[in-house]
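Report on the following structure.
Computed from a prediction, not measured in an experiment: that's the story for all the values here.
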Amino acid sequence: MPIFEKSSESSVTRAILSEFTKDMEEAIDSDVIIVGGGPSGLIAAYDLARKGVDVVIVEKNNYLGGGFWMGGFLMNSVTVRAPANKILDELEIRYKEYENGLYTTPGPLACSKLITAACEAGAKVLNMVAFDDVVLREQNRVAGVVVNWTPVNYLPKPVACVDPISLESKVVIDGTGHDASVARKLAERNLLKIPGCGAMWIEASEDAVVEKTGFVHPGLIVVGMSVSATYGLPRMGPTFGSMFLSGRKGAELALKSLGKDG
Ligand code: 48F
């Protein structure tokens, strides 16, 4: 007596393909595209999706979480400074106080719970999909992204001529971390200047990243470390409170521009 229900190779392949086709069709037009599924992008996705916004995360890796799986130097504990621990409370992620206002939580636990929160809230995910370029409309407003399969970037030259496709959205959020990939594309076209991150200074950088989070160009919001790269702010290393608060602020600004903040 077999343990599992009867099925076949063709049914399994069809099941995957039909779901993929549906997911892809839904991602073609959305309210908000978030490029990069690190901690700042995930918080933005979580906040937007639970407010009923149609949100798509474009992530070049086959996993979400970015740098949030580890706390630096391949050590698992990630740190968060007050008041961002309130977001850990909200997501029911357990943590410990190390010293006044400085908290630690295991990266694998915190990261997987944040991913779960964003996905459960309804954020759609396209993984192994790399941002390649922006869609620009009148007055150079960012109106979407041009994407390709991540592996295409690693093909040998003779077979690398695979055209990308485009996805449209009302707002794009750059959550690509230090790369600031979306903002950098605008810089390539002389529409922005990107100085890159400054040297390490945790104390100053976390406040500055949250303060500067916002629209850098019509249609484009920067969150997380892409804010730092875009404005030349100091880097902060393995502490994540400002990634949460920046992602949350980015979501609020997106909601406002969509007229859904009421
Ligand atoms: O780097 P990442 O975790 O960005 P973040 O949300 O958080 C930064 C912290 O992890 C840490 C720090 C402060 O605490 O210094 O570094 O700002 O996540 C960025 C995500 O974007 C994806 C990348 O794989 C990662 O998951 N990404 C980067 N470039 C692209 C991209 C691209 N061109 N297309 C799609 N995804």
Side-chain angles (χ1 to χ4, degrees), residues 30-59 64-68 80-81 83-84 86-88 90-91 111 114-115 117-119 121-126 131 134 141-145 167 169-186 192 194 197 205-233 235-236 239-262:
S30 59
D31 291 325
V32 180
I33 291 172
I34 300 176
V35 185
S40 62
L42 284 168
I43 286 281
Y46 164 69
D47 279 359
L48 288 166
R50 71 202 169 106
K51 294 264 164 67
V53 172
D54 188 12
V55 54
V56 176
I57 301 173
V58 170
E59 168 55 54
L64 296 169
F68 194 42
V80 168
R81 290 194 292 151
K86 289 195 185 122
I87 291 188
L88 297 176
E90 191 183 315
L91 298 178
C111 193
L114 176 54
I115 294 167
C119 293
K124 294 166 195 138
V125 180
L126 297 182
F131 166 85
V134 283
R141 176 179 61 88
V142 176
V145 295
L167 311 171
S169 65
K170 298 182 183 94
V171 178
V172 173
I173 295 182
D174 186 342
T176 60
H178 295 246
D179 295 349
S181 307
V182 188
R184 228 173 262 286
K185 266 290 161 192
L186 295 180
L192 272 184
I194 306 283
C197 293
S205 65
E206 287 223 275
D207 283 22
V209 161
V210 179
E211 271 160 31
K212 291 280 189 187
T213 294
F215 280 94
V216 274
H217 188 83
L220 178 65
I221 292 173
V222 283
V223 298
M225 286 312 287
S226 71
V227 178
S228 195
T230 301
Y231 290 100
L233 308 175
R235 54 193 293 194
M236 72 206 50
T239 195
F240 292 84
S242 54
M243 300 300 103
F244 296 167
L245 301 194
S246 169
R248 179 148 283 180
K249 184 175 173 190
E252 277 163 18
L253 293 167
L255 278 170
K256 203 163 165 206
S257 86
L258 294 168
K260 294 192 175 183
D261 56 332

| Would you say Lys249 and Ile221 make side-chain contact, with heavy atoms under 4.5 Å? | no
| said: Within this structure, what is the CG-CZ distance for the pair Leu192 and Arg184, rounded to the nearest 0.5 Å? | reply: 11.0 Å
| message | For a 4.5 angstrom cut-off between non-hydrogen side-chain atoms, does Ser205 reach Leu233? | response | no
| request: Using a 4.5 Å cut-off on heavy atoms from C-beta on, say whether the side chain of Leu42 contacts that of Ile57. | output: yes
| field | Spacing of Glu59 atom CD and Thr176 atom OG1 [to the nearest 0.5 Å] | value | 10.0 Å
| task | Show your working on side-chain contact (heavy atoms from CB on, under 4.5 Å) between Leu186 and Val142 and close with a plain yes or no. | result | CA-CA 9 Å; Leu186 295 180; Val142 176; 4.2 Å; yes
| field | Sidechain-backbone polar pair: Asp31 side chain, Asp54 backbone, donor-acceptor under 3.5 Å | value | yes
| query | Which atom names give the shortest non-hydrogen contact between Gly250 and Val223, and what distance separates them? | reply | CA-CG1, 3.8 Å
| task | Measure the shortest side-chain to side-chain distance between Leu167 and Leu126 over non-hydrogen atoms and say whether it is less than 4.5 angstrom. | result | yes
| message | Suppose the criterion is side-chain hydrogen bond (donor to acceptor under 3.5 Å, both in side chains): which pairs have a residue in residues 212-228, not counting sequence neighbours? | response | Thr213-Ser246
| message | Working to the nearest 0.5 angstrom, can you tell me the gap between Asp179 CG and Asp174 CG? | response | 9.0 Å
| query | Of all heavy-atom pairs between Gly241 and Glu206, which one has the smallest distance, and what is that distance? | reply | N-OE2, 3.5 Å
| Ignoring hydrogens and geometry, is there a side-chain-to-backbone donor-acceptor pair from Asp47 to Ala251 under 3.5 Å? | no
| query | Which atom names give the shortest non-hydrogen contact between Ala254 and Leu48, and what distance separates them? | reply | CB-CD2, 4.1 Å
| field | Spacing of Leu253 atom CG and Phe215 atom CZ [to the nearest 0.5 Å] | value | 6.5 Å
| remark: Between the NE2 atom in His178 and the CZ atom in Arg235, the distance rounded to the nearest 0.5 Å is 5.5 Å
| query | Does the side chain of Val32 come within less than 4.5 Å of Leu258's, by heavy atoms? | reply | yes
| message | Quick test of your reading of the model: are Asp261 and Lys51 salt-bridged, counting only N-O distances below 4.0 Å? | response | no
| task | Return yes when atom NZ of Lys256 has more than 12 non-hydrogen atoms of other residues, nucleotides or ligands closer than 6.0 Å, and no otherwise. | result | no
| Non-hydrogen atoms of Ala49 and Ala123 that approach each other most closely | CB-N, 3.6 Å
| said: Please tell me whether Phe244 and Phe68 form a close aromatic pair, meaning their ring centres lie under 6.0 Å apart. | reply: yes
| message | Any non-hydrogen side-chain atom of Leu245 less than 4.5 Å from a side-chain atom of Ile87? | response | yes
| Nearest heavy-atom neighbours spanning Val171 and Ser257 | CG2-OG, 3.4 Å
| task | Please confirm whether the backbone N or O of Thr239 pairs with a side-chain atom of Arg81, one donor and one acceptor, at under 3.5 Å? | result | no
| query | In Å, rounded to the nearest 0.5 Å, how long is the span from CG of Leu220 to CD1 of Ile33? | reply | 11.5 Å
| said: So which atom in Ala117 and which in Leu91 form the shortest heavy-atom distance, rounded to 0.1 Å? | reply: CB-CD2, 3.7 Å
| Between Ser30 and Val56, is there a donor-acceptor pair closer than 3.5 Å when you use the side chain of the first and the backbone of the second? | no
| Is there side-chain contact between Tyr231 and Val216, with at least one heavy-atom pair below 4.5 Å? | yes
